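Report on the structure given below.
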Amino acid sequence: MIESFLPLHPRFVHFPIALLLVGAAFVAGGLLRPGATERWLWAGRWLIFLGWIGVIVAGITGLVDQSQASDTPAVRDTINLHITAGIALLIVFGLALYWPLKDKRLWRAGSRPWSYLALLLLGVLLVLVEGWLGGQLVYTLGVGVR
Ligand code: HEM
């Protein structure tokens with residue numbers, strides 16, 4: 001029955017990728033662009049929050065699809081890396097959401113919080129790695145298509 005809905009995961013992965021990348025761009029723009037308003041940060045944080053939820057949904061659907069994947073060493077290793085990058089995404093963007101709540105001075109006018117921007121950059125790189133590993137699974141190893 002459930003097999004007719006599989007693969008499920010590819011229907012859900014684009015949301016977190018887009019939300020996290022655009023959210024990080026809005027927050028970075030809000031911090032770096034002269035004259036940017038609070039709204040940039042507000043919008044960026046909401047997009048990142050929705051993307052963070054999206055990572056959880058993508059993870060759940062990924063675990064469902066994983067049960068159908070062939071059990072070869074290459075597939076296993078790539079899925080393990082893919083899961084690890086997914087967990088790292090949750091930690092990095094979770095921290096990016098929590099930090100401004102804990103430290104209210106982080107975003108005060110005129111500040112350039114480079115360590116916070118470095119965290120966002122790390123998150124963006126992780127999104128790219130996560131997507132690339134997913135692509136390896138599908139287009140190189142044939143998971144979900146062969
Ligand atoms: C527990 C976490 C995860 C598992 C077990 C997992 C598993 C998989 C599997 C088995 C595939 C192969 C296609 C399929 O059969 O569905 C795949 C592809 C993919 N995954 Fe994940 N995934 C996880 C998390 C994520 C997250 C968090 C993202 C993005 C933020 C993501 C992005 C992708 C992408 C872009 C593809 C390629 C889809 C395509 O081109 O059709 N995955 N993943």
Side-chain angles (χ1 to χ4, degrees), residues 1-33 36-104 106-107 111-146:
M1 165 64 182
I2 191 166
E3 277 78 15
S4 54
F5 292 101
L6 299 180
L8 205 54
H9 188 56
R11 300 169 211 237
F12 290 91
V13 295
H14 305 91
F15 295 102
I17 293 173
L19 288 164
L20 293 175
L21 293 180
V22 177
F26 264 76
V27 172
L31 293 172
L32 293 174
R33 232 175 131 255
T37 62
E38 279 284 312
R39 286 185 190 188
W40 284 63
L41 299 175
W42 181 86
R45 276 170 85 179
W46 271 104
L47 291 170
I48 291 176
F49 175 69
L50 293 174
W52 194 84
I53 302 284
V55 170
I56 295 177
V57 176
I60 293 168
T61 55
L63 289 171
V64 173
D65 285 6
Q66 185 190 358
S67 61
Q68 305 290 314
S70 57
D71 192 23
T72 64
V75 169
R76 219 179 308 130
D77 290 351
T78 310
I79 287 187
N80 283 341
L81 278 176
H82 191 55
I83 293 175
T84 306
I87 293 169
L89 266 181
L90 281 179
I91 293 171
V92 167
F93 279 104
L95 203 56
L97 289 169
Y98 175 68
W99 193 345
L101 295 176
K102 186 172 170 282
D103 181 0
K104 305 274 185 213
L106 183 72
W107 286 350
S111 71
R112 290 276 186 277
W114 295 114
S115 44
Y116 187 80
L117 288 163
L119 182 73
L120 282 184
L121 181 63
L122 176 65
V124 166
L125 293 176
L126 279 171
V127 173
L128 300 181
V129 169
E130 183 71 326
W132 182 79
L133 288 167
Q136 287 292 105
L137 283 169
V138 176
Y139 298 101
T140 306
L141 299 168
V143 178
V145 287
R146 276 184 216 144

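The model shown is predicted, which means the values in this text are computed figures rather than measured ones. Both ligands and their constituent atoms are indexed starting at 1 by order of listing.
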Which N/O atoms of ligand 1 sit under 3.5 Å from a protein N/O, and at what distances?
from	atom 1	to	atom 2	distance (Å)
ligand 1	16 (O)	Asp65	OD2	2.5
ligand 1	20 (N)	His9	NE2	2.8
ligand 1	20 (N)	His82	NE2	2.9
ligand 1	22 (N)	His9	NE2	2.8
ligand 1	22 (N)	His82	NE2	2.8
ligand 1	42 (N)	His9	NE2	2.8
ligand 1	42 (N)	His82	NE2	2.7
ligand 1	43 (N)	His9	NE2	2.9
ligand 1	43 (N)	His82	NE2	2.9

Once the angle between the rings of Phe26 and Trp40 is folded into 0 to 90°, is it parallel (under 30°), tilted (30 to 60°) or perpendicular (over 60°)?
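Because their plane-to-plane angle lies in the 30° to 60° range, the rings of Phe26 and Trp40 count as tilted.
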
Quick one: do Thr72 and Leu141 satisfy side chain to side chain contact (heavy atoms under 4.5 Å, CB included)? Show the steps, please.
CA-CA 10 Å; Thr72 64; Leu141 299 168; 5.8 Å; no

If you count the non-hydrogen atoms of other residues, nucleotides and ligands that lie under 6.0 Å from OH in Tyr116, is the total more than 12?
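Result for OH/Tyr116: enclosed.
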
Just do the side chain to side chain contact (heavy atoms under 4.5 Å, CB included) check on Asp65 and Thr61 with the steps written out, would you?
CA-CA 6 Å; Asp65 285 6; Thr61 55; 5.6 Å; no

Closest heavy-atom contact between Ala69 and Val143?
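Closest approach of Ala69 to Val143: CB-CG1, 3.7 Å.
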
Atom pair NE2/NE2 of His9 and His82 - distance to nearest 0.5 Å
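With rounding to 0.5 Å, NE2 (His9) is 4.0 Å from NE2 (His82).
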
